[in-house]
Amino acid sequence: MANPNDPESVTRGTAVQLEKARRDKLDRLVAMGVDPWGRRFDGAAPIADIRSVGERVAKEADDGPAVRIAGRIMLLRSAGSLVFVDLHDRTGRIQLMLGKKQVGPEIWKVVECLDLGDIIGVDGRLGWSKTGEMTVFVSQLEFLTKSLETPPDKYHGLVDPELRQRMRYLDLIHGEGVRDRFVSRCRIVEAVRRVLAARGYLEVEGPTLQETAGGAAARPFTTHHNALDIPLVLRIALELHLKRLLVGGMERVFELGRVYRNEGVSTRHNPEFTMLEAYEAYGDYGTMMDLTEAIILEAAKVAGTPTRFEWMGRPVDLTPPFRRARYDDLLREVTGCDPADPASVAAAAAAAGVETAGRHPDVVKSDLFEATVEKTLDGPVFVIDYPASICPLTKRKAGRPEVAERFELYVAGMELANAYTELNDPDLQEELFRTQLAGLAAEESMARMDTDFIKALRHGMPPAGGLGIGIDRLVMLLTEASSIRDVILFPIHRPRA
RNA sequence: GAGGCUGUAGCUCAGUCGGUAGAGCAUCGGACUUUUAAUCCGUUGGUCCUGGGUUCGAGUCCCAGCAGCCUCACCA
């Protein structure tokens, strides 16, 4: 209970008290001539390496190899004039022992100023404690950085999901498997680039600020350029500029970057997310299926993902080749309707609760597919050959103008990749841009007029295959994460009240 | 956008029937030269998410709002 007679007690919350204790120690360090914010510390070995050396040190040896390490103090156990420290670096954790007699009075005064979360560098000999724990017996200590904040509960860590995301730095330190997952994300992204580079693709960077948000069906973020005094939007896809590069003779290009969609937030959606799009001249959607498999398999390898596992409670088997199934066939199997007969599709749609009134038959079909078939796809499965009218950027199948050469890759009911044989007929492209599908709001359509893009196509874009992969979702799959927030370091949040 | 759940100390959580706030960790003080979430004794620390309402009295009941999580819808 705060003492009302004590004027200081009003401002003395726990947090204030905890910080004061740390600042007192900081002042003591300064008073004894120790810089609490440290300097360059050369020659520290990764703790993981030290540990493998330690395995070869005899248990009773008191002349183990000299080692030098640096890291953060995760646990402190004081037994009088003997202090045990669990030190963390990016590679692992190891125990230190600091003895009053062993380190001498100068260093011991520094030891008395250590708190959980402080960063130190030490020299010592590697060996084993009496209770059989691999230990660095410290002889020298260099104070590197003071922590002024109390770390989370040393046993439970940071549990509150909101705090974990807002204070990701703490989550990375204390969260079980959190750092491993983000390391996996780095490895996966590296693998994606490696697979594409090996096939002769060039990585490029298109504009993120655009006049027209094209290449996908989504609401863009809007902004304004002051000097030019023009409205701009943030890109929602990479497609149209990469295709311009195909026209420009960069026959194999990809971009791996951020796109922005001004839409809902959920466990599968963040307003900014990372997309891969790759385009290969003289290929088609079949080429892209092979590429997709190659990328996913290599990514799974570097992430250490098993071939068979469960994700979102559903079985996934990454054994190649992935299953391929026609859109219409799946629709027929699941709903029993005749996909070629709009009346039959409409009846099935009505039965599934899909709105049909005043809507284009292919939109109804697409909604029916999403409402019934998608959920059933454990995958991975390439769904191929989509209704042409919902694919305004896709080449039609030879002799079958109602079918588009497009595939989407589904895993556990979630769309992971989307690819087509690219439409390169400028006249047809312009017509598709002009034709707004009945029952579709402008923002729901991919068919946004981009006259500059049409102009590029008129100069001749080679026949090509194009592929898009949602990298965040790929990472979710391969690290078995159930929320996109677990694979994005800093997901969006409402400002704190 | 709809529904459900949650919000109490720096962190993790209790809080019974409505009677003025509890634990563990952390902090501070003490004991300890072999600890492992060290242990033991003592200590400090509260805008009970915010604002209303009911009541003699609200962490608790009611209403509204804010934030988070989950499910669904849309999308990738």
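Note on naming: letters A, B, ... go to the chains in the order of the sequence lines (proteins, then strands), and numbering restarts at 1 for each one.
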Open item on the list: So A/G157, base contact, sugar-phosphate only, or nothing? Heavy-atom distance under 4.0 Å.
Closed with: sugar-phosphate

TODO: Indicate, with a heavy-atom threshold strictly under 4.0 Å, whether A/N270 touches base, sugar-phosphate, or nothing.
DONE: base

Open item on the list: Looking at A/Y420, is its backbone amide N or carbonyl O close enough to the side chain of A/R406 to form a donor-acceptor pair, meaning the two atoms are under 3.5 Å apart?
Closed with: no

Open item on the list: Just to be sure I understand the rule, does A/Q102 reach a base, reach only the sugar-phosphate, or reach nothing, if contact means heavy atoms closer than 4.0 Å?
Closed with: base

Open item on the list: Using a heavy-atom cut-off of 4.0 Å across all strands, would you classify A/E415 as base, sugar-phosphate, or nothing?
Closed with: sugar-phosphate

Open item on the list: Counting the benzene-type ring for Trp, do A/Y327 and A/Y386 have ring centres under 6.0 Å apart?
Closed with: yes

Open item on the list: Do A/H88 and A/R72 pair up side chain to side chain, a donor and an acceptor below 3.5 Å, judged on atom types alone?
Closed with: no

TODO: Would you mind classifying the nucleic acid contact of A/L75 as base, sugar-phosphate or nothing, using non-hydrogen atoms under 4.0 angstrom?
DONE: sugar-phosphate

Task: Comparing A/S129 and A/H156 on RNA chain B - which has the more 5′ nearest nucleotide - done: A/H156

Open item on the list: Any base atoms under 4.0 Å from A/R22, or only sugar-phosphate, or nothing? Heavy atoms, all strands.
Closed with: nothing

TODO: State which of B/rC69, B/rC70, B/rU34 makes the closest approach to the side chain of A/H493.
DONE: B/rC69

- [ ] With the side chain of A/Q95 defined as its heavy atoms from C-beta on, choose the nearest nucleotide among B/rC69, B/rC70, B/rU35.
- [x] B/rU35

Open item on the list: Should the side chain of A/D160 and the base of B/rG7 be counted as holding a donor-acceptor pair, with the cut-off at 3.5 Å?
Closed with: no

Task: Nucleotide nearest A/R166 when distance is taken to its side chain, options B/rU12, B/rG68, B/rU33 - done: B/rG68

Open item on the list: Please pick, from B/rU27, B/rC25, B/rA67, the nucleotide with the shortest atom-to-atom distance to any side-chain atom of A/K154.
Closed with: B/rC25

Open item on the list: Starting the side chain at C-beta, find the nucleotide from B/rU33, B/rU44, B/rC13 nearest to A/V159.
Closed with: B/rC13

Task: Atom C1', compared across B/rG46 and B/rG53: separation rounded to whole Å - done: 25 Å

TODO: Scan A/T267 against the nucleic acid and name what it touches under 4.0 Å (heavy atoms): base, sugar-phosphate only, or nothing.
DONE: sugar-phosphate

Open item on the list: What's A/G470 touching, base or sugar-phosphate or nothing? Going by heavy atoms closer than 4.0 Å.
Closed with: nothing

Open item on the list: Once you apply a heavy-atom cut-off of 4.0 Å, does A/A21 come out as touching a base, just sugar-phosphate, or nothing?
Closed with: sugar-phosphate

Open item on the list: Quick check for you: among B/rU34, B/rU27, B/rC72, whose closest atom lies nearest to any side-chain atom of A/M97?
Closed with: B/rU34

- [ ] Scan A/Q165 against the nucleic acid and name what it touches under 4.0 Å (heavy atoms): base, sugar-phosphate only, or nothing.
- [x] sugar-phosphate

Open item on the list: With a 3.5 Å distance limit and no angle check, can you tell me whether A/E293 reaches the backbone of A/F322 through a side-chain donor-acceptor pair?
Closed with: yes

Open item on the list: Testing the 3.5 Å rule here: is there a donor-acceptor pair between the side chains of A/R181 and A/T479?
Closed with: yes

Task: A/T150 or A/G132, whichever maps to the more 5' nucleotide of RNA chain B - done: A/T150

